[in-house]
Amino acid sequence: MDQSALMSRADDLSKFGLGYTAPNPIVGCIIVDSNNNVIAEAFHNGGPHAESKAINSIEVVPSDATLFTTLEPCDHYGKTEPCSDLIIKSGIKNVIYSITDPNPIAQGGSKKLRDAGLNVTSGVLTEKVKFTNRYWLQKIKTGRPYFTWKIAMTLDGKIAALDGSSKWITSVESRGDVSKLRSQADAVLIGTGTALADNPSLNSHNIDSRQPLRIVMGKSEVPASHKLNDESAPTHFLKSHETTDLIELLSGLEVNQVLVESGPKLGTALLKHGLIDEIVAYIAPSILGSGSSFVGDLNISSLSERMDYQIHSFTQLGNDLCVTLIGRN
Ligand code: AOF
Ligand code: ZN
């Protein structure tokens, strides 16, 4: 296996940490021997750093081993001793990492390793790893979390029929995928309109999965009998319609990614404020013609003012098409 393939394996591993690590990144690490056989693998899940888990999982680290990590090893005393020191102590001579750590308090590990005489290579598979860590990178660089808007709609962009019926537009496979998205998100956001109309739990229904924080935005009261008032997940009721209040609330929470599951009102407000970084659209091959559209008026009158997203990936789920779109910024 070449360097990219081994880094790709570390990148895949890191994704097991999604939902568990905020405010920290997701990180995958593998150690290979001189024949490129994997002798250790680990991912960060909110506890010790991935590098330390990988090193500590093997009794004797061969000195000709190579450590692959998706993020530059840290050089600071946080929850544990610096990974840079740990790697030097382990006797490993070769370190390959993908992305440079932009976190000012933790960065500097690569210099420490080079100064200690280790062979350090960076920049392997960076586009892929940057994408995998897009939530944390966004939070650390801009101070606000990454917003992913999930929409289940018909081919003509409707999320409910005229009589309000909306269960179910998309297939059971798509709904299972939404459950996975929830288990990987740090927080799920809806407006009180959707809360009152649908009485959703916003839980991930995957067995053993963690539950994201729930944020309900709007001035209406959500009755105590509603599922959002149950004990299944911590819930914040933000009695405001202002996105600035939302950003302020989020800045005090350990949230890297927000999964937006709102209706058109809140979704449109976030879109207008340039806050929708990604759209995951589950599109059923059905046409309603009338009913509620997923998005409201954006004050756009000419094609030249349209909001463009880029297709990142698409897949068929049951009878639906699932498209992931990324903002251009
Ligand atoms: C992680 N997991 O596997 C790596 C990290 O809060 P601390 O002390 O755990 O330090 C967090 C910083 O350490 C984090 O923002 C990142 O810059 C660096 N590396 N963090 O949580 C890991 N390798
Ligand atoms: Zn570390």
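Both ligands and their constituent atoms are indexed starting at 1 by order of listing.
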Has H76 got an N/O/S atom less than 2.8 Å from the Zn ion (ligand 2)?
no
K239 bridged to E221 by N-O distance under 4.0 Å
yes
Any chain of hydrophobic side-chain contacts (each under 4.5 Å) joining Y146 to L18?
yes
Quiz item: cation-pi between K15 and F43, 6.0 Å / 45°
no
Would E72 and S122 count as having a side-chain donor-acceptor pair, cut-off 3.5 Å?
no
With heavy-atom distances below 4.5 Å as the criterion, would you say the side chains of D277 and R144 are in contact?
yes
Backbone or side chain, does any N or O of A106 fall under 3.5 Å from an N or O of ligand 1?
no
Nearest-neighbour protein heavy atom for atom 6 (O) of ligand 1, which is reported as residue plus atom name and distance
N24 ND2, 3.4 Å
Nearest to the Zn ion (ligand 2), which N, O or S atom of H49 do we find?
ND1
So among I55, T66, L6, which one has a side-chain contact (heavy atoms from CB on, under 4.5 Å) with I31?
I55
Charged N to carboxylate O under 4.0 angstrom, R175 versus D320?
no
Heavy-atom nearest option to atom 17 (O) of ligand 1, drawn from L71, D101, T80:
D101
Starting from atom 10 (O) of ligand 1, find the nearest protein heavy-atom neighbour and note its residue, name and distance.
H76 NE2, 3.0 Å
Backbone, side chain, both or neither: what part of E51 comes under 4.0 angstrom of ligand 1, heavy atoms only?
side chain
For ligand 1, is there an atom lying under 4.0 Å from some heavy atom of C83?
no
Which residue holds the protein heavy atom closest to atom 13 (O) of ligand 1, what is that atom called, and what is the gap in Å?
H49 CE1, 3.3 Å
Under 4.0 Å to a heavy atom of N103 - the qualifying atoms of ligand 1, by number
12 (C), 14 (C), 15 (O), 17 (O)
Mind running side chain to side chain donor-acceptor pair (under 3.5 Å) on K158 and S293 for me, showing each step along the way?
CA-CA 4 Å; K158 306 293 185 205; S293 295; 3.3 Å; yes
Is any N or O atom of E72, backbone or side chain, closer than 3.5 Å to an N or O atom of ligand 1?
no
With a 4.0 Å cut-off on heavy atoms, is W136 in contact with ligand 1?
yes
Those atoms of ligand 1 less than 4.0 Å from some heavy atom in A50
3 (O), 22 (C)
Nitrogen or oxygen of H44 less than 3.5 angstrom from that of ligand 1:
yes
List the atom of L228, the atom of R214, and the distance in Å for their closest heavy-atom pair.
O-NH2, 3.2 Å
